[in-house]
Amino acid sequence: MTTSDSGASSDFIRARVAEDLRTNKWGGRVVTRFPPEPNGYLHIGHAKSICLNFGIAQENEGGVCHLRFDDTNPCTEEIEYVDSIKEDVRWLGFDWGEHEYYASDYFEQLYEWAVELVKKGKAYVCDLDAEAFKEYRGTITLPGTNCPSRDRSVEENLDLFERMRAGEFEEGEYVLRAKIDMASPNMLMRDPVMYRILKASHHRTGDKWCIYPMYDFTHGQSDSIEKITHSICTLEFEVHRPLYDWYCEALGIYHPQQIEFARLNLTHTALSKRKLIDLVEGGYVTGWDDPRMPTISGLRRRGYTPEAIRDFCGRIGVAKADSTNEIEMLEHCLREDLNKRAARVMGVLNPLRVVIENYPEDQVEEMDAVNNPEDPAAGTRKLPFSRVLYIEREDFMEDPPRKFYRLSPGREVRLRYAYFVRCVDVVKDENGEVVELHCTYDPETRGGNTPPDGRKVKATLHWVSAPHAKEVEARLFGHLFKDKRPGANGTDWLASCDPDSRQVLPKCYVEPSVANAKAGDRFQFERKGYFCVDRDSTDEKLVFNRTLSLRDTWARVQRSEKRKGR
RNA sequence: UGCCGGAUAGCCAAAUUGGUAAGGCGCCUGACUCUGGAUCAGGAGACUCCAGGUUCGAGCCCUGGUCCGGCAACCA
């Protein structure tokens, strides 16, 4: 697989574009488009399409990608969605320049084209009610039959269609249909509806229209108007292609090439619009931008970077086979990006108090800490160290199993950038629960360095000085669904939704340097994962979302030890 | 039962005009390490859906099957 500058791999669509360029099919032009319907929020699946369309445009000299809103159904569309879609595409890092279009801007042209087809005897007004309409259409195995109004005269059709536009009829009374073939094995070719009456006001055209064109009578012509070269869409539109072609040919207009690819599916999540709505409305998540949602806004709030998402979209490839990518792939891309750029910081999620017995009562030292070992330019910072600290509760075990080499009674570990400390006492409450550790430190290990005697420790722990610590809230997230493929083989997909996928830790401690962090800022809490500041943060208390944990080899060791039955 | 499309390791996914199966993720080892992170080195894993055929040679071509997906909104 060859890799281009954008990081995208070559695929059958890019190969096709290259071939068209070679044969000069489109006069050297490459014009694609991303055509969302403004009736919902964009998700990671849309990102795949966005990266594909904008990517192809970028990779080719003079290539352009349009952002076009497919707004032909006023009943479900809203301006709010238009705005969120624009924000998301922009955030992903793509620029459509002045090429922002709306199918609704083509309504007049579309109407004229409809009239033209009527005049050519290729379209007619049909008065079948919904039930009869269905009967005449036939079934998947039985051909349909011509409805009586199919033979209406051109004059009468023209008059009726004009009156439909004028608002003389009620919804459902009439529709305009293309006269194709009621016996076609392709259901979409059985005289598809071109226009329906909808007495709804449109978010852009207001009440100017009461008839609205259907997707099929809009999409191809919009592509045509915009001189799109490659109209890339997902597989379910494959059966629409003959109709797409039919309209362009019947109208004798510029005819773009529709190409279909398989939409993205991801394990442990749901991507259909319907399911996402159910999650929000059912209260399974806190909203469209819940950090567990696969929506662009959810991923953004979670702390994903546009770079990671783009990298992911480039790596998964584009093909025609239905496929489900493992979410681990997405997470890998994220870790790779965040590892390079996230500033390291000390943050203790489940605090356990530690007193350094031999450390002077009121002494405070400033320890030098590296901000990002992957990026020397990120510099260093000072970390206050004192007699009372917090360490991670799970970094101590009174009775450690084999292979656990963190702190335990009598054992010595390194406190990162600070000192070697040895656990000398364990304080418990009346329930026998460990509430405090007493340790001694070795002054010769200042900075965390190996002492003159060459003594080694097997673990390095993160810590926070208690008097200097800032209390924050941390929200940890797991996969939204327990099952890899929720709803697979007839199971209830919603039952697989994991209520414990969101865990709130109200009392965590972070080092003082992050005190002025702002919403959206990203950090790596050393050894604990990547975090970003949530917008729920207040002046009094910062709220952190854990974007993703670090790769956890210890967890893996535990798993394998368990398997071995130790 | 009709039409359209698809099928290459656990998951994605490559393979110029048929020339003898890339890569990534994941998994497993080992090295290194002041993050059990990162990095580096190595490894396991594919009768290319099946059965025939053409050919010196087939993942690619032909025939016949199998399985999976999509299509019967006045949604997109």
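Heavy-atom basis, side chains included; hydrogens, waters and symmetry copies ignored. Naming: A, B, ... by sequence-line order, numbering from 1 per chain.
B:rA76 has no stacking from A:Tyr215 on its base ring, since the centres under 5.5 angstrom apart and planes within 30 degrees of parallel are not both found.
Within the 4.0 angstrom heavy-atom criterion, no nucleotide atom of any strand lies near A:Arg241. Within 4.0 Å of A:Arg414, counting heavy atoms only, lies at least one base atom of the nucleic acid. A:Asn186 comes within contact range of no nucleotide atom at all, as no heavy-atom separation falls under 4.0 Å. Residue A:Leu235 is out of contact with every strand shown, counting any heavy-atom pair closer than 4.0 Å. The residue A:Thr72 sits close only to the backbone: its heavy atoms come under 4.0 Å of sugar-phosphate atoms, none of a base. A:Glu331 comes within 4.0 angstrom of nothing in the nucleic acid, heavy atoms only. Among the protein residues, A:Tyr405 comes within range of the nucleic acid bases, having at least one heavy atom under 4.0 Å from a base atom. Within 4.0 Å of A:Thr267, counting heavy atoms only, lies no atom of the nucleic acid at all. Note on A:Tyr417: a base of the nucleic acid sits closer than 4.0 angstrom, heavy atoms only. Within 4.0 Å (heavy atoms only), A:Ile211 reaches no atom of the nucleic acid at all. Across all strands, A:Arg551 comes closer than 4.0 Å only to sugar-phosphate atoms, never to a base (heavy-atom distances). Across all strands, A:Phe404 comes closer than 4.0 Å to base atoms (heavy-atom distances). Contacts of A:Asn39 with the nucleic acid, taken as non-hydrogen atoms under 4.0 Å apart, are absent. Residue contacts shown for A:Phe237 include a base, since a base heavy atom lies under 4.0 Å away.
When distances are taken from the side chain of A:Lys320 to each of B:rG36, B:rG6, B:rC25, the shortest belongs to B:rG6. With B:rA14, B:rG10, B:rU35 as the choices, the nucleotide that has an atom nearest any side-chain atom of A:Glu526 turns out to be B:rU35. For A:Glu374, counting side-chain heavy atoms from C-beta on, the closest listed nucleotide (B:rC12, B:rA38, B:rA14) is B:rA38. Which of B:rG36, B:rC11, B:rC74 sits closest to the side chain of A:Arg485 comes down to B:rC11. Closest contact between the side chain of A:Arg556 and the listed nucleotides B:rG70, B:rC27, B:rG36 involves B:rC27. For A:Val193, the side-chain atoms get nearest to B:rC74 when compared with the rest of B:rA72, B:rC74, B:rU35. Distances from the side chain of A:Arg315 to the nucleotides B:rG37, B:rA14, B:rG24 place B:rG24 closest. For A:Pro373, counting side-chain heavy atoms from C-beta on, the closest listed nucleotide (B:rG26, B:rC71, B:rU35) is B:rU35. In this structure, the nucleotide among B:rC71, B:rG37, B:rG26 sitting nearest to the side chain of A:His332 is B:rG26. Side-chain proximity of A:Phe133 to the nucleotides B:rG36, B:rA76, B:rC74 is greatest for B:rC74.
A salt bridge is defined here as a Lys NZ or Arg NE, NH1 or NH2 lying under 4.0 Å from an Asp or Glu carboxylate O, and A:Arg14 with A:Asp11 meets this definition. Ion pair A:Arg522/A:Asp337 not flagged as a salt bridge, since none of the NZ, NE, NH1 or NH2 atoms sits closer than 4.0 Å to an Asp/Glu carboxylate oxygen.
Only the C1' atoms considered, B:rA22 is 14 Å distant from B:rU16, to the nearest whole Å. Distance noted for atom C1' between B:rU55 and B:rC61: 10 Å (whole Å). With C1' as the reference atom, B:rA38 and B:rC32 are 11 Å apart, rounded to whole Å. Atom P of B:rC56 sits at a distance of 15 Å from the matching atom of B:rG18, rounded to the whole Å. B:rA9 and B:rA51: their P atoms are spaced 16 Å apart (whole Å). Between B:rC28 and B:rC67, the distance separating the two C1' atoms is 32 Å to the nearest Å. Taking the P atom of each, B:rC3 and B:rG64 are spaced 13 Å apart, rounded to whole Å. The gap from the C1' atom of B:rG45 to that of B:rC11 amounts to 13 Å, rounded to the nearest Å.
Side-chain N/O atoms of A:His332 and A:Glu326 include no donor and acceptor closer than 3.5 Å.
Taking the nucleotide of RNA chain B with the nearest heavy atom to each of A:Asp71 and A:Asn449, the more 5' of the two is matched to A:Asn449. A residue-by-residue look at A:Glu238 and A:Ser323 shows that A:Glu238 has its nearest nucleotide of RNA chain B further toward the 5' end.
Under the Watson-Crick and G-U wobble criteria, each requiring two contacts below 3.5 Å, nucleotide B:rA46 is left unpaired. Base pairing of B:rG5: its partner is B:rC68, meeting the Watson-Crick or G-U wobble criterion (both donor-acceptor distances under 3.5 Å). With a cut-off of 3.5 Å on both Watson-Crick or G-U wobble distances, the partner of B:rA31 is given as B:rU39.
In this structure, A:Ile225 and A:Tyr101 have side chains that are not in contact, with every pair of non-hydrogen atoms separated by 4.5 Å or more. Side-chain contact between A:Asn339 and A:Glu336 is absent, with no heavy-atom pair separated by less than 4.5 Å. Taking the side chain as every heavy atom from C-beta outward, A:Leu198 and A:Pro74 approach each other to under 4.5 Å.
Rounding to whole angstrom units, NE2 of residue A:His240 and P of B:rC75 are separated by 13 Å.
A glycosidic torsion no more than 90° from 0 defines the syn conformation; B:rA9 lies beyond that range and is anti.
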Would A:Glu238 and A:Lys320 count as a salt bridge (Lys or Arg N to Asp or Glu O under 4.0 Å) here? Give the steps. CA-CA 11 Å; A:Glu238 204 153 25; A:Lys320 292 200 73 163; 2.4 Å; yes

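Taking the six-membered ring for Trp and the full ring otherwise, A:Tyr215 and A:His219 have centroids separated by under 6.0 Å.
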